[in-house]
Enquirer: 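This is the structure I have questions about; it appears just below.
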Amino acid sequence: MRASRARRGALGSPRSAPRGVRGGSPTEMKGQNTVFVCQSCGAQSRKWLGRCSECDEWNSLVEERSSSAHGRSDARSALTGEGARLYADIESSDAERISSGVSELDRVLGGGMVPGSLVLLGGEPGIGKSTLLLQAAARVAETGRSVLYCSGEESPHQVRARGERLGVTDAPLYLLAETCVERLLEEVTRLSPGLVIVDSIQTMFSSKLESAPGTIGQVREAATQLLFAAKGRNVTVLIVGHVTKDGNLAGPKVLEHVVDTVLSFEGDRHHAHRVVRAVKNRFGAVSELGVFRMTATGLETVPNPSQLFLSERKSDAPGSVVLCSIEGSRPILVEVQALVGTGAYGNAQRVTSGVDRQRLSLLLTVLEKRVGLHPTGEDVFVNVPGGVLVNEPAADLAVVAAVASSMRNQPVLPRVAVFGEVGLAGEIRGVTQAGLRVREAAQMGFTRCLLPLTNRGPDIAEPGCELIGVGTVAEALEGLFA
Ligand code: TYD
Ligand code: MG
C-alpha cells in the first residue's frame, strides 16, 4: 500500500497541488458546499468513501467546506479584516493582558489572557475543566467585563448549580446552552463579551457541514470559526477539549495547530491536587505549570507546590530522594520514589509513573555497568507522587539515587536535594537553571544540594545550603550515603 502510494505520488500530480473535485463541479446549493478531503493525500471527493480512491488510505476522508464556500473574494485577511501593514506601524499587544482572576491559570497562560487569542484547555472528563473555567469566568465578570459561557453539555440550571457551590455572585456572566457554532457567534456579536468560554468543542457543530458533532471535520470547522471570531473581534476565547485515555485530544490533534495556546489539565481523580500545564503557547513559556487543589468549593490555587509535593514524604525511608526540577520557569521540589524487588523467573518488570520508562531502563544499565550494582534482573518501580511528570534529563540523578537507595535498603542523607543528567559513561552532566533549583531547595530548608560539578559555582551559592558537586554516578552515591 505504501509502495503504491509512493509510486502514484511520483507519477501523479504532486501532493499539494489542488485537485479537481470528483463527481461534478462545485455548486453553491445548500448541502452542496462541502467536500470530503483525504487527510493523507489531499484528494477530494463529493461523497464519503471508506477508502481514498487516490492513495488507498482507509478512513481518511473528512468533511470540509469547499474553498469557494468560505465566500472570500477580496484580498483581506480573514483573521483581522485588514491588508498588509508595515511592521513598524503595528503596536505590540503584550501590555494589555487580562487577568483571569485565577493566579495559577494566569501563570500558565504566560501572565494572563491575551485579547484575540484562542486557548484550548484539554483534560480527561471529570478532572475539573468546567469548574476552573466557570471560576475564571466569574472572576473576570466581577471586574465588570462581560463574559459569555456557552455550554453544549449542561443546561444553564446545571451551570448555575455548580456556580452556587463555587460562590459565584451576580456578575455580568451570560450562560448559553448551545451546540451550533453559528448561533453562538450570533450571541457573541449581540453581547460583544470580553471573554467567551466554549464547553466543550466536541459538542459544537457547524450547520455548514453535515457530519455529526465531534467528528474531525466538525471540530476543526467550529474551532476555525471561533479562531476568526477571536482575532476579528479581539476577544479571548477559551475552549474545552476532552482528552481520551491515551492522552490525545479526542479525535482532533488538528486542533493544536489551530489554537494559540494548549493547556493540559492533569491529575489523578482520586487525589485532590491538579496540575495545569502549557503544552503550546504563542504568548509565553511552554511547560509552565499551575497547581490547584480540588475542594468542596471549587479549585484552590496552590502557591507553594514544593511544600505540597513533599508534605507526605517519609525522609528516612529507603528509595526516596528529593529532586529539584524545573517546570517552565518554576522550580519545584518533588519526591522520586523507587522500589526494587526480586524479579520472578527472569521477567523483570519496569513500572514507572511520572518518569519515562525507557529512560529508567537506560539508567539501570548505567548503574550496572558503571557502578557495579545489579538492578537489571530485578523488578523496579519508580514513582513521582502527586501526579507530576518529570521528563527533563535533570531528573536522572534522582532516579539513579532512589534505585540505589532501595537496593541498599538504606535511606539517603537527610535534608539533601539532588539534580543532574546522567550520561552513558556514568558521568553527571550539567543542566539548565541550576541557580533557581538551588534557591528553591534552600528555601524549603534543604541544607545540602548534590549537583553536577560543572554547575557548581559561586554565582549559585545560597546561605545555609552546602553545594556538593559530583562528576560521576559513583561519586554521587558516595556523597548520598556517606
Ligand atoms: P468538572 O469541572 O465538571 O469536570 P470536567 O468539566 O473536566 O468534566 O468537575 C468534575 C469533578 O469535580 C466532579 O467529580 C466533582 C468535583 N468538584 C468538586 O470536588 N468540588 C466542586 O466545587 C466542584 C464544582 C466539582
Ligand atoms: Mg465539563
Side-chain angles (χ1 to χ4, degrees), residues 100-105 108-109 118-142 147-171 173-179 181 184 195-205 213-214 218-219 222-223 226 237-252 255-256 259 261-279 289-302 308 386-387:
S100 66
V102 181
S103 56
E104 295 287 296
L105 183 59
V108 272
L109 287 169
L118 182 63
V119 179
L120 171 69
L121 177 66
E124 283 182 19
I127 196 93
K129 301 179 294 295
S130 307
T131 307
L132 176 64
L133 293 188
L134 187 59
Q135 279 179 291
R139 302 263 172 89
V140 172
E142 277 164 18
V147 178
L148 176 60
Y149 185 104
C150 172
S151 179
E153 300 184 340
E154 292 159 309
S155 70
H157 301 289
Q158 283 173 298
V159 177
R160 164 107 209 183
R162 177 186 290 125
E164 275 163 11
R165 280 178 72 178
L166 304 176
V168 176
T169 50
D170 293 329
L173 171 61
Y174 293 93
L175 300 183
L176 173 71
E178 185 57 71
T179 53
V181 68
L184 163 63
L195 171 64
V196 178
I197 291 172
V198 183
D199 187 3
S200 65
I201 192 69
Q202 275 98 355
T203 58
M204 301 306 285
F205 74 96
Q218 282 288 15
V219 165
L226 289 169
V237 180
L238 291 174
I239 57 182
V240 168
H242 290 297
V243 161
T244 52
K245 274 275 165 272
D246 54 4
N248 287 322
L249 283 164
L255 265 187
E256 296 193 2
V259 302
T261 303
V262 181
L263 304 183
S264 156
F265 207 148
E266 296 161 10
D268 189 341
R269 244 190 288 177
H270 306 292
H271 287 99
H273 49 263
R274 306 275 187 274
V275 180
V276 178
R277 181 190 301 278
V279 180
L289 196 78
V291 184
F292 297 90
R293 208 173 48 211
M294 183 63 98
T295 68
T297 53
L299 287 158
E300 241 174 42
T301 55
V302 176
L308 172 77

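Position 1 is the first residue of the sequence; numbering continues from there. Counting starts at 1 for both ligands and their atoms, in listed order. Just so you know, these numbers use all the heavy atoms, side chains as well, and skip hydrogens, waters and symmetry mates.
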Enquirer: With respect to His242, determine whether any N or O atom, backbone or side chain, lies less than 3.5 Å from an N or O atom of ligand 1.
Expert: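 N/O-N/O distance below 3.5 Å does not exist for this pair.
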Enquirer: Counting each atom of ligand 1 from 1 as listed, which ones have a heavy atom of Pro125 under 4.0 Å away?
Expert: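 Checking each atom against Pro125, I get 8 (O).
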Enquirer: Look at atom 16 (C) of ligand 1 and say which protein heavy atom is nearest, naming residue and atom and giving the distance to 0.1 Å.
Expert: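 Among all protein heavy atoms, the one nearest atom 16 (C) of ligand 1 is Met294 CE, 3.8 Å.
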Enquirer: With heavy-atom distances below 4.5 Å as the criterion, would you say the side chains of Leu263 and Leu105 are in contact?
Expert: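 Heavy-atom side-chain distance check passes, below 4.5 Å.
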Enquirer: Any nitrogen or oxygen of Gly128, main chain or side chain, under 3.5 Å from a nitrogen or oxygen of ligand 1?
Expert: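 Yes, Gly128 has an N/O under 3.5 Å of an N/O on ligand 1.
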Enquirer: Do Leu299 and Val102 have side chains that get closer than 4.5 Å, going by heavy atoms?
Expert: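 Side chain of Leu299 against side chain of Val102, heavy atoms only: no contact under 4.5 Å found.
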Enquirer: Are the side chains of Ile197 and Leu134 in touch, meaning some heavy atoms are under 4.5 Å apart?
Expert: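 Of all side-chain heavy-atom pairs linking Leu134 with Ile197, none is under 4.5 Å.
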Enquirer: How does Ser130 reach ligand 1, by side chain, by backbone, by both or by neither, if only non-hydrogen atoms under 4.0 Å count?
Expert: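 Looking at Ser130 and ligand 1, atoms from backbone and side chain both fall under 4.0 Å.
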Enquirer: Please report the closest heavy-atom contact between Ile127 and Gly267, naming both atoms and the distance.
Expert: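 Of all heavy-atom pairs spanning Ile127 and Gly267, the closest is CD1-O, 3.2 Å.
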Enquirer: Name the option, out of Glu154, Arg274, Lys129, that contains the heavy atom nearest to atom 7 (O) of ligand 1.
Expert: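 The residue whose heavy atom sits nearest atom 7 (O) of ligand 1 is Lys129.
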Enquirer: Return the closest protein heavy atom for atom 25 (C) of ligand 1 as residue, atom name and distance.
Expert: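 For atom 25 (C) of ligand 1, the nearest protein heavy atom is Thr131 OG1, 3.9 Å.
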Enquirer: Should you measure from each heavy atom of Leu166, which atoms of ligand 1 turn up under 4.0 Å away?
Expert: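 Numbered from 1, ligand 1 contributes 22 (O), 24 (C).
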Enquirer: With a 4.5 Å limit on heavy-atom distance, are the side chains of Cys150 and Leu176 in contact?
Expert: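 When only atoms from C-beta onward are counted, Leu176 and Cys150 do touch, with a gap below 4.5 Å.
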Enquirer: To which protein heavy atom is atom 11 (C) of ligand 1 closest, and what is the distance rounded to 0.1 Å?
Expert: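 Atom 11 (C) of ligand 1 sits closest to the protein heavy atom Gly126 O, 3.5 Å.
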Enquirer: If only atom types and distance count, is the side chain of Arg293 paired as donor or acceptor with the main-chain N or O of Val302 below 3.5 Å?
Expert: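 No; judged by distance alone, with no hydrogens or angles, the pair does not exist.
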Enquirer: I'd like to know if the side chain of Gln135 and the backbone of Gly298 have a donor-acceptor N/O pair within less than 3.5 Å.
Expert: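 The answer is no, because no donor-acceptor pair under 3.5 Å joins these two groups.
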Enquirer: Among all protein heavy atoms in this structure, tell me which lies nearest to atom 21 (C) of ligand 1, with the distance rounded to 0.1 Å.
Expert: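 Minimum-distance protein heavy atom for atom 21 (C) of ligand 1 reads Arg165 NH2, 3.3 Å.
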Enquirer: Would you mind telling me if ligand 1 is within reach of the side chain of Leu132, the backbone, both or neither, using heavy atoms under 4.0 Å?
Expert: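 No part of Leu132 is near ligand 1 at this cut-off.
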Enquirer: Testing Val196, Leu238, Val237 one by one against Leu118 for a side-chain contact (heavy atoms from CB on, under 4.5 Å), which residue passes?
Expert: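 Output: one option passes, namely Val237.
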Enquirer: Specify the protein heavy atom at minimum distance from atom 20 (N) of ligand 1: its residue, its atom name, and the distance to 0.1 Å.
Expert: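 So the nearest neighbour among protein heavy atoms is Thr295 O, 2.7 Å.
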Enquirer: Do Glu104 side-chain atoms and Val291 backbone N/O form a donor-acceptor pair below 3.5 Å?
Expert: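 Here the side-chain-to-backbone pair exists.
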Enquirer: Any donor and acceptor pair, going by atom type alone, linking the side chain of Gln158 with main-chain N or O of Ser155 inside 3.5 Å?
Expert: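 Side chain of Gln158 to backbone of Ser155: a pair is present.
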Enquirer: For Phe265, does its backbone N or O pair with a side-chain atom of Lys129 as donor and acceptor, under 3.5 Å?
Expert: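 Judged by distance alone, no pair lies under 3.5 Å.
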Enquirer: Answer whether the closest heavy-atom distance between the side chains of Leu148 and Leu184 falls below 4.5 Å.
Expert: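 Sidechains of Leu184 and Leu148: in contact.
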Enquirer: Are Gly298 and ligand 1 in contact, using a heavy-atom cut-off of under 4.0 Å?
Expert: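 The answer is yes: ligand 1 sits under 4.0 Å from a heavy atom of Gly298.
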Enquirer: At what distance is the nearest protein heavy atom to atom 3 (O) of ligand 1, and which residue and atom is it?
Expert: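 For atom 3 (O) of ligand 1, the nearest protein heavy atom comes out as Arg162 NH2, 2.9 Å.
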Enquirer: Which ligand 1 atoms does Thr297 reach within 4.0 Å, using its non-hydrogen atoms?
Expert: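 Answer for ligand 1: 22 (O).
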Enquirer: Keeping to distances under 2.8 Å, can you name the protein N/O/S atoms close to the Mg ion (ligand 2)?
Expert: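 As for protein N, O or S atoms lying under 2.8 Å from the Mg ion (ligand 2), they are Ser130 OG.
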Enquirer: As a quick check of understanding, evaluate side-chain contact (heavy atoms from CB on, under 4.5 Å) for Val276 and Leu132, giving each step before the final call.
Expert: CA-CA 10 Å; Val276 178; Leu132 176 64; 4.2 Å; yes
